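For reference, the structure is listed below as structure tokens.
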Amino acid sequence: MRLHSAWLLSVLVCAACESGAVSSAPTPKEEAPLPPLVSAVAPVVSTYGAAFEPGPELPLAALLANPRAYADQNVITEGTVQRACTTKGCWMEIGEGEDACRVTFKDYGFFVPTDSAGARARIQGRLDTRVVEAAAVEHLEAEGARFKNKQANGTATEVRLIASAVQLKR
């Protein structure tokens, strides 16, 4: 009978192991939680033209409000790219709302991507006010430009920056 009792006891212990009632296995350690996923992507900054040089930094609104005060001065300003030349990126317009100015590139020496609209632009350049001839207005409008001060004869007066350096942040 002793042998039978020992056999019965071992069967009961094995059955208990399989059911999970008796466990000699170590409990798993709790893992540290994973850090949250970073959803924001760092902006990409692209530079075009020459390196920025030290110079006065002025809000674009101040330049546009009184362009004669800054005529032919080399300044640094910022604005949102509203549109850019759709053909090759040889100009862009920066501003906020209706207050905008055209940016061209010194000596036609560099261009910006044609899909620059929406980027934040930092620009160093010389401020200039000029009358744009009717044929040039028509040409620029065909590339996506807009003129706030267009005259009945097709000409337009515009404030522009002739940029030596541009940074675009997207």
Side-chain angles (χ1 to χ4, degrees), residues 31-170:
E31 292 186 27
L34 295 174
L37 293 175
V38 178
S39 62
V41 177
V44 175
V45 177
S46 303
T47 303
Y48 305 91
F52 279 78
E53 296 178 3
E57 295 194 31
L58 300 163
L60 182 60
L63 296 173
L64 296 175
N66 192 5
R68 289 180 190 202
Y70 305 102
D72 294 321
Q73 292 184 34
N74 198 28
V75 297
I76 298 171
T77 193
E78 292 188 19
T80 301
V81 179
Q82 293 180 335
R83 53 195 69 70
C85 171
T86 58
T87 303
K88 58 183 165 186
C90 61
W91 58 264
M92 64 182 176
E93 292 174 14
I94 64 166
E96 309 299 332
E98 289 294 314
D99 292 330
C101 73
R102 182 162 333 286
V103 178
T104 59
F105 309 109
K106 185 178 179 184
D107 299 327
Y108 212 57
F110 62 96
F111 304 120
V112 296
T114 57
D115 66 348
S116 295
R120 189 75 183 160
R122 183 170 186 257
I123 299 161
Q124 183 166 40
R126 185 176 56 83
L127 193 65
D128 180 40
T129 301
R130 69 182 186 128
V131 174
V132 182
E133 296 300 320
V137 168
E138 186 177 334
H139 170 80
L140 290 167
E141 286 178 331
E143 295 176 335
R146 292 192 187 156
F147 289 89
K148 181 179 175 182
N149 298 315
K150 190 173 174 181
Q151 305 301 315
N153 66 0
T155 64
T157 302
E158 74 172 359
V159 176
R160 71 174 175 163
L161 276 165
I162 303 166
S164 57
V166 173
Q167 285 181 334
L168 294 180
K169 187 187 303 185
R170 299 180 196 224

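Heads up: numbering here begins at 1 and tracks the sequence. Values in this document were obtained by computation on a predicted structure and should not be read as measured data. For the numbers below, each heavy atom of this structure counts, side chains included, while hydrogens, waters and symmetry mates do not.
Atoms CZ and OG1, from R160 and T129 in turn, are 9.5 Å apart once rounded to the nearest 0.5 Å. Taken to the nearest 0.5 Å, the OG1 atom of T77 stands 7.5 Å off from the CG atom of L64. Atom CG of residue L63 and atom CG of residue L161 lie 6.5 Å apart, to the nearest 0.5 angstrom. Remark: I162 CD1 to R126 CZ distance equals 3.5 Å, nearest 0.5 Å. Note that the CD atom of E158 and the CG atom of L140 stand 7.0 Å from one another [nearest 0.5 Å]. Interatomic distance, D99 CG to Q82 CD, rounded to the nearest 0.5 Å: 9.0 Å.
One N or O on the side chain of T86 and one on the backbone of E143 form a donor-acceptor pair closer than 3.5 Å. Panel note: side chain T80, backbone E96; no donor-acceptor pair is recorded below 3.5 Å. Without hydrogens or angle criteria, N153 side chain to T155 main chain gives a donor-acceptor distance under 3.5 Å. In this structure a side-chain-to-backbone donor-acceptor pair under 3.5 Å is missing from E133 to V131. Between the side chain of Q167 and the main chain of V45, no donor-acceptor pair closer than 3.5 Å is present.
Shown here is E138, whose CD atom has no more than 12 heavy atoms of other residues, nucleotides or ligands within 6.0 Å. For R130, the CZ atom counts as densely surrounded, since its 6.0 Å shell holds more than 12 non-hydrogen atoms of other residues, nucleotides or ligands.
With salt bridges taken as basic N to acidic carboxylate O contacts below 4.0 Å, one links R122 and E57.
The minimum heavy-atom distance linking F110 with S164 is given by the pair CE2-O, 3.8 Å. Contact between S116 and L168 at its shortest, heavy atoms only, is OG-CD1, 3.4 Å. Nearest heavy-atom pair, F111 versus G89, reported as atom, atom and distance to 0.1 Å: CB-O, 3.2 Å. Of all heavy-atom pairs spanning A117 and R83, the tightest one is CB-CA, 4.2 Å. Of all non-hydrogen atoms in L127 and P67, the two that sit nearest each other are CD2-O, 3.7 Å. In plain terms, the two heavy atoms of G79 and L60 that are nearest each other are CA-CD2, 4.4 Å.
A heavy-atom distance below 4.5 Å is not found between the side chains of E93 and F147. Side-chain contact between E141 and K150 is present, with at least one heavy-atom pair separated by less than 4.5 Å. Looking at heavy atoms from C-beta onward, I94 lies in side-chain contact with C101 at the 4.5 angstrom threshold. For the pair Q73 and L58, the minimum side-chain heavy-atom distance is 4.5 Å or more.
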